[in-house]
Amino acid sequence: MTDAATEIQAAARKRTRAKDAFDRADGELRDLLVKWRAEGVGPSEMARWTGFTREWVAKVAPDPKAAARKRVDPAAAHDRRQRGDNSES
């Protein structure tokens with residue numbers, strides 16, 4: 001085996017180990033963001049702690065209460081469309 005092949009294979013193994021470590025750390029961070037968002041910590045605060053943007057944190061850990069607020073009764077939405085009423089209230 002040539003020196004080039006040895007060096008390239010070693011670098012490839014190192015990269016694979018680094019990627020695996022990154023994926024584990026990324027998953028752990030995402031889990032923590034979701035956990036603390038559910039506990040009421042805001043995305044702006046977590047963004048300051050992590051150095052990531054607020055938008056990224058909010059995308060990874062959306063407000064669990066927002067999904068409940070945005071749920072729409074399909075029958076009521078259908079009735080509004082039939083009446084021509086586009087408002088949700």
Side-chain angles (χ1 to χ4, degrees):
M1 191 175 307
T2 67
D3 288 341
T6 303
E7 287 180 24
I8 290 171
Q9 288 175 345
R13 284 191 297 274
K14 183 177 178 181
R15 180 190 180 282
T16 298
R17 286 191 306 271
K19 183 178 181 328
D20 292 343
F22 172 82
D23 290 342
R24 283 191 305 275
D26 187 57
E28 182 180 340
L29 174 60
R30 288 170 183 260
D31 291 345
L32 288 170
L33 292 172
V34 169
K35 171 189 170 186
W36 288 107
R37 185 69 175 121
E39 294 288 326
V41 178
S44 294
E45 194 168 6
M46 290 190 287
R48 281 193 302 273
W49 298 338
T50 61
F52 297 115
T53 64
R54 191 208 72 79
E55 291 77 12
W56 185 85
V57 171
K59 180 180 174 185
V60 169
D63 183 358
K65 297 173 194 161
R69 286 191 302 261
K70 288 187 177 185
R71 268 192 208 123
V72 176
D73 177 15
H78 178 71
D79 291 344
R80 280 195 304 273
R81 282 193 301 272
Q82 293 298 318
R83 292 190 316 262
D85 180 10
N86 292 330
S87 66
E88 289 189 24
S89 47

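By convention here, the first residue in the shown sequence is residue 1.
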Between [X] and [Y], is any pair of side-chain heavy atoms under 4.5 Å apart?
X: L33; Y: F52; result: no
X: R37; Y: P62; result: no
X: V34; Y: R30; result: no
X: E28; Y: R24; result: no

Nearest-0.5 Å distance that lies between atom OG1 in T2 and atom CD in Q9:
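It is 8.5 Å, given to the nearest 0.5 Å.
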How long is the gap from CH2 on W56 to CE on M46, to the nearest 0.5 Å?
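If I round to the nearest 0.5 Å, the distance is 10.0 Å.
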Evaluate the criterion side chain to side chain contact (heavy atoms under 4.5 Å, CB included) for residue pair K59 and E55; output intermediate values, then yes/no.
CA-CA 6 Å; K59 180 180 174 185; E55 291 77 12; over 6 Å; no
Are D23 and K19 ion-paired here, with the side-chain N under 4.0 Å from a carboxylate O?
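Counted as a salt bridge, because a side-chain N and a carboxylate O are separated by less than 4.0 Å.
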Minimum heavy-atom distance A38-P64, with the two atoms named:
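Of all heavy-atom pairs spanning A38 and P64, the closest is CA-CG, 3.8 Å.
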